[in-house]
There are 2 protein chains.
Amino acid sequence: MNTSAEQFGGRASLTRRISDDIRRRILAKEWAPGEKIHSESELSTTYKVSRVTVRTALKTLEYQGLVDIRHGSGTYVNDFGRAIPTGLNELRSMSETISELGYEPGMEYKIADIRPATDLEIEKLQLDSPDSVLYLERAVLADGKAVAFSYDTINISSLPSDVVEEMKRGSVFASLDTINSRPIRALAEVDAVIDKNIGWGSQRPEDDLFLLLQQVHYAGDGEPLMYSRTYFMKGRFQFLILRTR
Amino acid sequence: MNTSAEQFGGRASLTRRISDDIRRRILAKEWAPGEKIHSESELSTTYKVSRVTVRTALKTLEYQGLVDIRHGSGTYVNDFGRAIPTGLNELRSMSETISELGYEPGMEYKIADIRPATDLEIEKLQLDSPDSVLYLERAVLADGKAVAFSYDTINISSLPSDVVEEMKRGSVFASLDTINSRPIRALAEVDAVIDKNIGWGSQRPEDDLFLLLQQVHYAGDGEPLMYSRTYFMKGRFQFLILRTR
DNA sequence: ATCCACTAGTTGTAGGACAACTATTGACTA
DNA sequence: TAGTCAATAGTTGTCCTACAACTAGTGGAT
């Protein structure tokens with residue numbers, strides 16, 4: 001099946017692996033939007049798992065907005081096209097998202113320092129006063145063009161130093177993956193800002209207008225891992241949110 | 001149990017009713033954040049339903065970010081208390097959200113007309129060309145103070161005329177409730193805009209800066225019900241999104 | 001042409017069983 | 001004394017089988 005979860009240990013639950021695979025098949029257009037996918041019994045035999053597991057997997061996809069499960073009728077692929085998989089509901093790294101949109105992701109590092117935490121960072125990351133943090137300022141690139149400027153603070157108090165060194169150059173999420181502590185939840189806040197001090201280079205907007213995504217990422221045990229402010233430039237990125245009842 | 005679903009017909013599934021009730025109990029602080037709630041078997045006996053039903057209900061709450069289910073250990077209440085019910089993940093009317101934040105909601109009507117649909121509206125609402133729509137321009141009030149300006153287009157092609165008349169004055173969501181066709185899904189897009197033509201009155205911002213929430217609401221059968229653009233004034237509203245894997 | 005009982009197929013819920021995992025306890029060891 | 005580890009009780013994950021509830025289509029009766 002080769003899910004992303006399997007790539008770092010194969011610890012994902014059976015339900016998760018099934019869910020990931022059906023999701024992949026839907027995004028690969030195995031079924032057209034509006035079309036009915038295989039029944040739960042059929043899927044359970046082909047995957048060689050119980051119907052309970054398939055049901056749980058499908059419920060996840062339903063909540064993600066990918067499918068619509070209709071009692072007595074079947075499970076249908078929703079017609080939101082490629083909008084959903086790039087939405088804000090799913091927690092993904094910027095690189096992953098850009099890559100899924102069909103662009104070549106990139107990062108341009110401006111600052112990568114270890115320094116004492118500020119008061120704001122101590123509060124957001126629930127740190128002790130003397131703690132040091134890894135602070136990054138980067139431009140997020142899609143096909144070589146800047147789409148956002150990111151100001152990230154990473155809680156390194158419980159990270160090995162070689163992993164921290166790696167983060168100074170490569171993807172933060174990928175580095176966290178190697179020690180199996182990728183964030184599983186983030187609380188994000190969106191705002192519109194006009195700020196002359198944000199961004200750099202020739203590609204920053206003249207009207208100083210940005211869409212700010214401010215978020216704290218949490219590990220599985222609830223510990224805050226990263227506090228990041230990402231300033232998106234207007235029109236270069238689409239922010240989609242699926243809202244459900 | 002008195003869930004919102006029961007109030008208009010009681011057609012909600014058993015799982016849904018259980019899920020709603022446990023959610024209510026969590027938000028009512030029956031268990032403190034971080035605390036372990038009753039086990040699945042215990043819940044299944046007290047609710048007099050099968051463990052399957054309880055599990056499915058809890059899975060929903062987990063996806064909504066309310067609880068954390070840990071294999072072999074138990075189900076724990078997450079610490080995002082106030083963020084969840086007012087976040088963008090949950091589909092609620094503006095009035096409901098404002099009310100949950102502790103303010104007195106209100107609406108100031110500027111325009112409420114029935115007129116032919118524009119090309120954009122025909123596309124967003126998947127209408128036939130000659131269709132008429134209900135168009136509203138309103139200021140959203142919290143404690144009498146404007147927090148946003150809303151430009152809404154409602155698909156009235158399959159609505160009785162008395163309900164449409166009601167919408168011209170009261171809450172759109174409430175009117176849709178009376179005929180059991182409240183939207184269950186919305187696809188929202190967020191953007192930052194500077195626009196001199198948005199808003200009115202003394203409370204509109206001088207810098208013309210707004211956070212735009214542009215969304216299409218869908219009914220249970222997938223039919224588009226409403227296309228709305230809401231322009232929020234900076235700092236008067238918090239946009240929270242819970243992101244999960 | 002309309003209505004309606006019937007039916008095959010599908011999802012929803014039930015109950016019982018066992019596997020996999022977690023956290024705690026308490027005996028054993030260095 | 002402090003640390004290690006096996007045993008254990010409790011909890012969630014998965015499986016199996018069965019039936020209830022619902023949907024969409026079929027085909028006959030009116």
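Convention: sequence-line order gives letters A, B, ...; per-chain numbering from 1. Atom set for the values below is all heavy atoms of this structure, side chains included, hydrogens, waters and symmetry mates excluded.
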Item to check | Check: F173(A) ring centroid to H217(A) ring centroid under 6.0 Å | outcome: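 Ring-ring flag for F173(A)/H217(A): true, centres closer than 6.0 Å.
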Next on the checklist: Among residues at least two apart in sequence or on other chains, which ones pass side-chain contact (heavy atoms from CB on, under 4.5 Å) with S19(B)?
Outcome noted: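 So S19(B) forms a side-chain contact (heavy atoms from CB on, under 4.5 Å) with A57(B), T60(B), L61(B).
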[X] (side chain) donor-acceptor with [Y] (main chain) under 3.5 angstrom:
X	Y	answer
R229(A)	L212(A)	no
R185(A)	L242(B)	no
N78(B)	G65(B)	yes
R243(B)	N89(A)	no

Checklist entry - Is there a side-chain contact between V133(A) and Y227(A) (heavy atoms, below 4.5 Å)? => result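 Of all side-chain heavy-atom pairs linking Y227(A) with V133(A), none is under 4.5 Å.
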Checklist entry - Side chains of D152(B) and V172(B): does their closest heavy-atom pair fall under 4.5 Å? => result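 Answer no - side chains too far apart.
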Between the protein and nucleotides 13-16 of chain D, which nitrogen or oxygen pairs are less than 3.5 angstrom apart?
| unit_1 | atom_1 | unit_2 | atom_2 | d |
| --- | --- | --- | --- | --- |
| dG13(D) | OP2 | R55(B) | NH1 | 2.7 |
| dG13(D) | OP2 | R55(B) | NH2 | 3.0 |
| dG13(D) | O4' | H71(B) | NE2 | 3.4 |
| dG13(D) | N7 | R51(B) | NH2 | 2.9 |
| dG13(D) | O6 | R51(B) | NH1 | 3.2 |
| dT14(D) | OP1 | L14(A) | N | 2.8 |
| dT14(D) | OP1 | T15(A) | N | 3.3 |
| dT14(D) | OP2 | T15(A) | OG1 | 2.6 |
| dC15(D) | OP2 | S50(A) | N | 2.9 |
| dC15(D) | OP2 | S50(A) | OG | 3.1 |
| dC15(D) | OP2 | T53(A) | OG1 | 2.4 |

Next on the checklist: Below 4.0 Å from chain A heavy atoms, what is the first contacting nucleotide of DNA chain C and what is the last?
Outcome noted: dG9(C) to dT13(C)
Checklist entry - With nearest nucleotides of DNA chain C determined for S73(B) and H38(A) from heavy-atom distances, which residue corresponds to the more 5′ nucleotide? => result H38(A)
